[in-house]
Amino acid sequence: MNTYHIPVMLKETLQFLQVKPKAWYIDANLGGGGHTEGIIKARSKVLGIDLDPEAIREVAKNHHLEVKLINDHLQAISADLILYQSNFAHMGEVVKKLQLDKILGVLFDLGVSSHQLEKPQRGFSFNLEAPLDMRMDPQHMTVTAADLINALHENELTQLIQKYGEERYAKRIAKKIVEERKKQRIATTNHLAQIITSVRPKSKADRTHPATRTFQALRIAVNDELHSLKEALPQVLEVLSPGGRLVVISFHSLEDRIVKNFFKDENKKGSIKIITQKPLIPSEEEVKTNPRSRSGKLRVAEKL
Ligand SMILES: C[S@@+](CC[C@H](N)C(=O)[O-])C[C@H]1O[C@@H](n2cnc3c(N)ncnc32)[C@H](O)[C@@H]1O
């Protein structure tokens, strides 16, 4: 089993991508390469993009590819697999640089990998004591979660937690953060989690950790996730061949809304056909074996 990350809705993704041999596909969220592996097994070719150098190195190692540092970003290239360290918001530029044509599918599997969550030094998880970091590309991004927590005004913090975490207790949490940081800089995941837990009630219906929504909000802000997705989606229509498929797996309503609205607008313009009227969710069996898949929603469109 892949310990880096278990791919979510793999069977459904491959079915909807309608993978054909010898064509190019883009995996915009390479991660541990689980979906990429599935596409390559169907004798197709993949451009795998990820912001995170650890993802590029992991998949390169598994495919015995040499990683090179080009213009300060990692790349590994073979006949049927190209690994490229980049934000998927630059997809159009990357495809042009590599001179790839006839791309028959693009996949987004948004969010963070299990590897990122489980490696304490990355600072994504409230369960592991670590510096509050959360940068997907620590080399090129300069602002960490700790920087935001310690620098934003109280009302900016409230807005950030409300908007990106959809947290109803945002105001209370922001107030407590500002109070606590006057005593001491908030520098670790545990410290922040304790602060949130001390003021956020745990409802009976909600079995998630009280810090879940605030941590999600910080991660989205640090990595500018929603903006990147909004930038990337129109580029997919530029790089995709007619008849090519776009598959997006999202993990929270903010991402899913962006995808849903993009599909609706482009469908109206006549540039795509929506294949999934309602998003697909993982089977009960998948959720049992891989609980991290539980909030996944998969939407598919075809370029006309
Ligand atoms: C859920 S994981 C992908 C897992 C992968 N599909 C697999 O099966 O192993 C999401 C990955 O997307 C990357 N990522 C997130 N936002 C990105 C962005 N804007 N551009 C490029 N990569 C991004 C993360 O670094 C992470 O490795």
Side-chain angles (χ1 to χ4, degrees), residues 1-14 16-17 25-41 46-63 73-75 81-95 105-119 122-125 133-141 164 216 218-233 235-236 247-252 254-256 258-259 282 286 289-298:
M1 188 184 297
N2 189 343
T3 53
Y4 193 97
H5 184 88
I6 304 170
V8 170
M9 288 193 268
L10 177 60
K11 206 173 92 208
E12 295 86 340
T13 300
L14 296 175
F16 278 112
L17 279 175
Y25 291 80
I26 298 179
D27 182 348
N29 297 78
L30 179 72
H35 291 101
T36 282
E37 195 74 41
I39 299 171
I40 287 178
K41 275 195 186 135
V46 178
L47 161 61
I49 296 174
D50 207 295
L51 269 172
D52 190 336
E54 290 183 9
I56 304 288
R57 288 194 192 284
E58 168 76 11
V59 181
K61 185 184 77 195
N62 294 340
H63 287 263
H73 287 78
L74 301 180
Q75 286 179 34
L81 178 60
I82 299 178
L83 307 176
Y84 205 103
Q85 187 195 2
S86 169
N87 191 318
F88 56 51
H90 305 139
M91 182 185 296
E93 205 181 297
V94 173
V95 168
V106 176
L107 165 69
F108 290 87
D109 173 24
L110 299 164
V112 267
S113 66
S114 304
H115 173 80
Q116 288 166 328
L117 282 171
E118 285 158 14
K119 191 167 172 184
R122 305 300 300 266
F124 283 101
S125 172
D133 192 322
M134 302 197 191
R135 290 170 298 166
M136 286 186 190
D137 177 358
Q139 197 193 332
H140 299 98
M141 295 173 172
Y164 295 149
Q216 173 188 300
L218 282 168
R219 195 199 85 205
I220 290 174
V222 167
N223 296 289
D224 204 8
E225 292 183 28
L226 304 182
H227 179 245
S228 297
L229 180 60
K230 282 184 197 156
E231 290 277 300
L233 289 172
Q235 294 176 45
V236 172
V247 176
V248 187
I249 309 172
S250 61
F251 292 89
H252 54 76
L254 298 166
E255 289 170 344
D256 186 53
I258 292 172
V259 179
E286 176 165 2
T289 53
N290 181 16
R292 284 209 179 126
S293 67
R294 70 182 172 274
S295 42
K297 280 190 179 159
L298 183 148

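Values below: all heavy atoms of this structure, side chains included; hydrogens, waters and symmetry mates excluded. Everything numeric in this text was worked out from a predicted model, so none of it was measured. Numbering of ligands and ligand atoms starts at 1, following listing order.
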_A232 contact mode with ligand 1 (heavy-atom cut-off under 4.0 Å)_ = neither
*State which residue, out of M141, Q85, H140, fulfils the side-chain contact (heavy atoms from CB on, under 4.5 Å) condition with L51.*
M141
*N/O to N/O below 3.5 Å, does that happen between L110 and ligand 1?*
no
*For the side chain of N223 and the backbone of M134, is there at least one donor-acceptor N/O pair under 3.5 Å apart?*
yes
*asked:* Looking only at protein heavy atoms, which one is nearest to atom 20 (N) of ligand 1, and what is the separation?
replied: F88 N, 2.9 Å
*Give the residue, atom name and distance (to 0.1 Å) of the protein heavy atom nearest atom 6 (N) of ligand 1.*
D109 OD2, 2.7 Å
*Residues F124, H115; criterion side-chain contact (heavy atoms from CB on, under 4.5 Å); working and verdict*: CA-CA 10 Å; F124 283 101; H115 173 80; over 6 Å; no
*asked:* Heavy-atom distances under 4.0 Å decide this one: backbone, side chain, both or neither, for E225 against ligand 1?
replied: neither
*Which of the numbered atoms in ligand 1 are below 4.0 angstrom from a heavy atom of S86?*
20 (N), 21 (C)
*Can an N or O of Q116 be found at a distance shorter than 3.5 Å from an N or O of ligand 1?*
yes
_Intermediate values then yes/no, side-chain contact (heavy atoms from CB on, under 4.5 Å), L14 and K41_ = CA-CA 10 Å; L14 296 175; K41 275 195 186 135; over 6 Å; no
*So is I6 in contact with ligand 1, going by heavy-atom distances below 4.0 Å?*
no
*Could you tell me whether the side chains of H63 and E37 share a donor-acceptor contact shorter than 3.5 Å?*
yes
*Mode of V112 contact toward ligand 1 - side chain, backbone, both, neither (heavy atoms, under 4.0 Å)*: backbone
*Say whether, by atom type as modelled, one donor and one acceptor occur between the side chain of Y4 and the main chain of A55 under 3.5 angstrom.*
yes
*Geometric N/O contact I49 with ligand 1, under 3.5 angstrom*: no
*asked:* I'd like to know if R122 and E54 make a salt bridge, using a cut-off of under 4.0 Å between side-chain N and carboxylate O.
replied: yes
*What residue and atom, counting heavy atoms only, is the protein's closest point to atom 19 (N) of ligand 1, and at what distance?*
N87 OD1, 2.9 Å
*Any heavy atom of D27 sitting closer than 4.0 Å to ligand 1?*
no
*Inter-residue atom distance D27.CG - D109.CG, 0.5 Å rounding*: 7.5 Å
*Check whether any side-chain heavy atom of N29 lies under 4.5 Å from a side-chain heavy atom of L110, and answer yes or no.*
yes
*Do E255 side-chain atoms and S250 backbone N/O form a donor-acceptor pair below 3.5 Å?*
no
*Note the single closest protein heavy atom to atom 11 (C) of ligand 1, along with its residue, its atom name and the distance in Å.*
D50 OD2, 3.5 Å
*Please report which non-hydrogen protein atom sits nearest to atom 22 (N) of ligand 1, along with the residue it belongs to and the distance in Å to one decimal place.*
L51 N, 3.2 Å
*L30, portion touching ligand 1 at heavy-atom distance under 4.0 Å*: backbone
*E231 side chain vs A89 backbone, donor-acceptor pair below 3.5 Å*: no
_Would you compute the distance between atom NE2 of H90 and atom NE2 of H73 and round it to the nearest 0.5 angstrom?_
8.5 Å
_Does ligand 1 come near enough to D52 that some N or O of the ligand is less than 3.5 Å from an N or O of the residue?_
no
*Tell me which protein heavy atom sits closest to atom 9 (O) of ligand 1, plus the residue, atom name and distance to 0.1 Å.*
G32 N, 2.9 Å
*Short list, please: which atoms of ligand 1 are under 4.0 Å from a heavy atom of P7?*
8 (O)
*Report the part of H35 in contact with ligand 1, treating N, CA, C, O as backbone and CB onward as side chain, heavy atoms under 4.0 Å; options are side chain, backbone, both, neither.*
both
_I'd like to know if E118 and R292 make a salt bridge, using a cut-off of under 4.0 Å between side-chain N and carboxylate O._
yes
*Looking at atom 14 (N) of ligand 1, what's its closest protein heavy atom, distance included?*
N29 ND2, 3.5 Å
*Which residue holds the protein heavy atom closest to atom 16 (N) of ligand 1, what is that atom called, and what is the gap in Å?*
M136 SD, 3.5 Å
*asked:* Looking at R294 and P291, would you say the former's side chain and the latter's main chain have a donor-acceptor pair under 3.5 Å?
replied: yes
_For G33, atoms of ligand 1 separated by under 4.0 Å from a heavy atom_ = 7 (C), 9 (O)
*asked:* Measuring from non-hydrogen atoms of G111 to any atom of ligand 1, is the shortest distance under 4.0 Å?
replied: yes
*Return yes or no for this condition: an N or O of H5 is under 3.5 Å from an N or O of ligand 1.*
no
